[in-house]
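Letters go in sequence order (proteins before strands), and every chain restarts at 1.
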Number of protein chains: 2
Amino acid sequence: MTGKQFASVWLREPRKTASPGRSRDEIVRAAIEILDAEGLGGLSMRKLGAKLSAGATSIYWYVAHKDELLELVYDQVWGEMSMPEPEDVGWRDAASVLAYSMRSVILRHPWAADLLGRMPALGPNAIQVADRMRRMFKLAGFEGMDVDYAGSTLTAYIYGMTIPEVAWNSTMGEHEYDPDEMRAMVARAVRDFPDMLERMDMSAYDDPQTVRQVAFDFGLVSVLDGLERRLAT
Amino acid sequence: MTGKQFASVWLREPRKTASPGRSRDEIVRAAIEILDAEGLGGLSMRKLGAKLSAGATSIYWYVAHKDELLELVYDQVWGEMSMPEPEDVGWRDAASVLAYSMRSVILRHPWAADLLGRMPALGPNAIQVADRMRRMFKLAGFEGMDVDYAGSTLTAYIYGMTIPEVAWNSTMGEHEYDPDEMRAMVARAVRDFPDMLERMDMSAYDDPQTVRQVAFDFGLVSVLDGLERRLAT
DNA sequence: ACCTGAACACCGTTCAAGT
DNA sequence: ACCTGAACACCGTTCAAGT
């Protein structure tokens with residue numbers, strides 16, 4: 001009757017390792033090195049084993065399966081996000097700092113974009129950020145479930161902006177391409193839609209990276225304004 | 001000197017198939033059937049071949065690689081999204097309808113959540129939606145690059161809400177679990193954070209599905225309010 | 001023009017066996 | 001308690017060969 005329990009590394013006792021042999025920390029560190037160097041597709045259990053000069057399957061002693069390993073590295077990423085105590089700087093500044101920080105952390109670890117929103121974020125680092133975010137929105141004046149809803153709104157925005165940005169970077173990075181040729185092809189795909197063509201002309205000579213910066217800021221301000229508006233009513 | 005071109009099915013000439021043999025449509029239909037039934041992990045080229053009672057590798061005649069196939073099915077998903085002409089209903093209603101429609105389409109094809117924001121959306125259906133969205137925000141009063149920024153903001157929100165929702169559904173679906181047991185474990189993970197614990201108590205007996213509905217609406221209204229605010233300044 | 005099968009170079013995971 | 005290697009059941013993709 002008692003169904004299988006929800007699966008997360010963080011919800012089960014780890015193996016009480018006396019200290020010898022490899023450790024989870026060591027494994028996670030090695031995994032992140034591989035991930036930063038070769039991306040999510042580059043991380044295999046065999047390669048990780050090799051990097052630790054261990055048998056390919058030794059890792060299964062420390063971790064039930066690859067997904068658990070990914071949960072572990074994922075929480076490390078959450079640990080890199082910086083968020084001031086909302087009580088110190090006020091909720092809007094805290095929210096902005098968190099947003100920019102999340103974006104830059106993910107851009108630094110592009111593989112993490114594939115985990116964002118997909119993997120349960122129940123590690124200590126993730127929970128700490130979640131907790132601060134709750135306090136932030138309570139400080140702002142939200143109550144009850146609205147604290148939650150405001151939080152989802154903000155993180156949804158950040159995820160939704162960051163994921164495509166990373167995806168774009170990686171497609172562009174793989175095949176280095178001729179920008180003019182590409183513009184011509186996209187223009188072709190879009191040829192029946194005057195508004196879309198107009199858009200292409202507009203942004204033709206802007207630096208894509210700063211455009212994305214500005215876009216992120218524009219949206220963030222909008223989202224925060226929108227949340228502020230909810231407080232008034 | 002002329003680098004490799006940006007890769008997308010939509011940016012290259014398809015094979016001019018006279019008509020005999022399999023067709024792309026047929027392949028895409030079969031692929032979607034598999035995807036709906038077994039999810040993204042359930043779709044392999046071999047299985048797809050088998051379903052078409054063809055050799056495992058015949059598909060490579062119609063498609064350069066699996067990613068192209070995914071681009072094709074992805075655009076079908078865009079085709080299911082419904083969006084009224086903004087001129088008919090006004091920009092805010094059009095935006096809301098699109099948002100709800102996107103959410104429900106993705107919930108219907110959960111595998112598509114893994115493509116959202118990752119795959120170039122250059123198919124005719126995706127472009128049509130993008131075009132309407134541009135017209136929508138122009139109608140609202142945005143100009144220049146702001147039309148784009150407003151669009152990114154809205155889609156970022158939708159992506160960022162939908163992706164985790166689907167992920168959650170699928171983790172919950174796989175292992176059917178004992179809710180009490182699970183709550184206990186999560187409570188344990190969160191034990192040092194009084195605000196997080198409070199949150200768990202609060203939402204203890206709510207139906208998760210309606211909570212997510214309400215959350216989606218809350219955030220959407222906030223985002224649209226925030227965008228409206230930008231028009232005023 | 002379209003399809004095939006064999007082959008290559010991988011995967012994650014299980015498990016009996018070792019120390 | 002920790003690690004190993006072999007094995008299982010898969011992958012996507014290439015390519016020479018067939019019709």
Q) NE2 of His109(B) to CG of Asp114(B): how many Å apart, nearest 0.5 Å? A)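 Those atoms lie 14.5 Å apart.
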Specify the separation, in whole Å, of atom [atom1] of [X] and atom [atom2] of [N].
X	N	atom1	atom2	result
Arg46(B)	dT13(D)	CZ	C1'	9 Å
Ile59(B)	dT4(C)	CD1	C1'	12 Å
Lys47(A)	dG12(C)	NZ	P	9 Å
Asp67(A)	dT13(C)	CG	C1'	12 Å
Lys66(B)	dG12(D)	NZ	C1'	8 Å
Tyr62(B)	dC3(C)	OH	C1'	8 Å
Tyr60(A)	dT13(C)	OH	C1'	5 Å
Leu40(A)	dC10(C)	CG	P	18 Å

Q) Does Tyr157(B) have its ring centroid less than 6.0 Å away from the ring centroid of Tyr159(A)? A)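 Aromatic pair excluded; centres sit 6.0 Å or further apart.
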Identify whether any heavy atom of [X] sits under 4.0 Å from a base atom; if not, whether one sits that close to sugar-phosphate; answer base, sugar-phosphate or nothing.
X	answer
Leu48(B)	nothing
Ala56(B)	nothing
Ser44(A)	sugar-phosphate

(Q) Is there a side-chain contact between Trp61(B) and the phosphate of dC2(C), meaning an N or O under 4.0 Å from OP1 or OP2? (A)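 For dC2(C), OP1 or OP2 has a side-chain N or O of Trp61(B) closer than 4.0 Å.
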Q) Tell me, do Glu68(A) and Arg12(A) make a side-chain contact under 4.5 Å, heavy atoms counted? A)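 Yes, their side chains come closer than 4.5 Å.
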Q | Basic-acidic side-chain contact under 4.0 Å: Arg108(A), Asp36(A) | A |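 No salt bridge links Arg108(A) with Asp36(A).
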**Q.** SB check Arg134(A) Asp148(A) (cutoff 4.0 Å)
**A.**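 Looking at Asp148(A) together with Arg134(A), the answer is yes, because their closest N to O distance falls below 4.0 Å.
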(Q) Once hydrogens and angles are ignored, does a donor-acceptor distance under 3.5 Å link the base of dG5(C) to the side chain of Thr57(B)? (A)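 Per atom types, the contact qualifies.
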Which one is paired to [N], where only Watson-Crick or G-U wobble pairs with both distances under 3.5 angstrom count?
N	result
dA17(C)	none
dA9(D)	none
dC3(D)	none

